[in-house]
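See structure below.
The figures that follow rest on heavy atoms only: side chains count, while hydrogens, waters and symmetry mates do not. Numbers restart at 1 for each chain; the letters A, B, ... are given by sequence-line order, proteins then strands.
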There are 2 protein chains.
Amino acid sequence: MTYLPQPETEQIAFANVLTALGDETRLAIIGLLARNEENPMSCGQFSGVGSKTGLSYHLSKLREAGVVHVRPEGTKRYVSIRRADLDQRFPGFLDSIIATAQHLPMPREEAQSTAD
Amino acid sequence: MTYLPQPETEQIAFANVLTALGDETRLAIIGLLARNEENPMSCGQFSGVGSKTGLSYHLSKLREAGVVHVRPEGTKRYVSIRRADLDQRFPGFLDSIIATAQHLPMPREEAQSTAD
DNA sequence: TCCTTAGTTCAATGATTATTGAACAATTGA
DNA sequence: TCAATTGTTCAATAATCATTGAACTAAGGA
């Protein structure tokens, strides 16, 4: 039902990926996702990065550009980096992004009101 | 005189670099610059990529983000990638960008006969 | 000096962006 | 069924973006 649109592997456009990553909030999301790439994160786990509404916005940007995949499960949505697709289309790119994103400061240190 | 502002090496912000590169016209510029990285190109040599005014706009975006350096000489301005600075700040990143940008189609086919 | 070359700046335009709070939808558990 | 959890959508706002043509500056050559 709620099928979340994302580009096919071959449709991922480099400029769109770069634009999606060109934002401190979204770089922080990628940095967190990369910290444990095998484990998809639910949206709530990003609460340190921004507001609930803002995260929904930024995560959809990343998804629509083809950077992340979102899998609904119950009321939650599990987000993961599209590692295989990005490596296939743009070899070496994702690793260089992650290497830098990992060491970037968080854009905001403020958690949400409903946080844990 | 016309001193062209660009960030110091340490001031180059990753999100700004990504935003600057997240545009097809600017990716095309990088692709051309990378084709012969030792030889800086004058603005006119990019005429295949866009209009004179548009190029001035996009080149200043790349310069202000810290992606390219611009050296004025006479009435011309010679543009080059800030290879050493980018490699120092974001290892592997520039190479992965160039690898992809090299094989991207031109945003517009209204090229002049700018055959090198 | 006058003209050409090379590129910038300006103003106007329409499009896209990020952010906010309020309202909404869907699922789960009591 | 009711309430809590999880996350999206909507509308409004202010900011930035990319594109255009006209006007402009600066340097060089005749």
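- For B:Arg26 and B:Glu24, the salt-bridge test fails: no basic side-chain N is under 4.0 Å from an acidic carboxylate O.
- The CD-C1' distance, from B:Gln45 to C:dG7, rounds to 14 Å in whole Å.
- Atom-to-atom, CG of B:Leu62 to P of D:dA18 comes out at 10 Å; the value is rounded to the nearest Å.
- Taking the side chain of A:Asp23 as heavy atoms from C-beta on, and the options C:dT20, C:dA18, D:dT6, the nearest nucleotide is C:dA18.
- If you measure from atom CZ of A:Phe46 to atom P of D:dT8, you get 11 Å, rounded to the nearest angstrom.
- Taking atom OH on A:Tyr78 and atom P on D:dT8, their separation rounds to 13 Å, with Å as the unit.
- Ion pairing between a basic and an acidic side chain is recognised when a charged N comes within 4.0 Å of a carboxylate O; B:Asp87 and B:Arg82 show no such pairing.
- If you find the closest nucleotide of DNA chain D to B:Lys61 and to B:Gly54, the one lying nearer the 5' end belongs to B:Lys61.
- Cluster annotation: B:Leu4 is not connected to B:Tyr57 through the hydrophobic network of ILVMFWY side chains, with a link wherever side-chain heavy atoms come within less than 4.5 Å.
- Across all strands, B:Lys76 comes closer than 4.0 Å only to sugar-phosphate atoms, never to a base (heavy-atom distances).
- Between A:His58 and C:dT17 there is no side-chain N or O to OP1 or OP2 distance below 4.0 Å.
- Rounded to an integer number of Å, the gap from A:Tyr57 OH to D:dC10 C1' is 14 Å.
- Considering only heavy atoms from C-beta on, B:Phe90 comes within 4.5 Å of B:Val17 through its side chain.
- One finds no side-chain N or O of A:Thr75 lying less than 4.0 angstrom from the OP1 or OP2 phosphate oxygen of C:dT27.
- The side chain of A:Cys43 approaches D:dG7 more closely than any other nucleotide in the set D:dA22, D:dG7, C:dG7.
- One interatomic measurement links the two molecules: CD of B:Glu64 to C1' of C:dT8, which rounds to 12 Å at whole-angstrom precision.
- Mapping A:Thr19 and B:Leu55 onto DNA chain C by nearest heavy atom places B:Leu55 closer to the 5' end of the strand.
- Here CG of B:Asp85 is found 8.5 Å from CD of B:Glu10. Values are rounded to the nearest 0.5 Å.
- The distance from atom NZ of B:Lys52 to atom P of C:dC10 is 16 Å, rounded to the nearest whole Å.
- For the pair A:Arg77 and C:dA26, the criterion of a side-chain N or O lying under 4.0 Å from OP1 or OP2 is not met.
- Counting any heavy atom pair closer than 4.0 Å across all strands shown, A:Ser42 reaches sugar-phosphate atoms only and no base atom.
- A straight line from CD of B:Glu24 to P of D:dC17 spans 18 Å, rounded to a whole angstrom.
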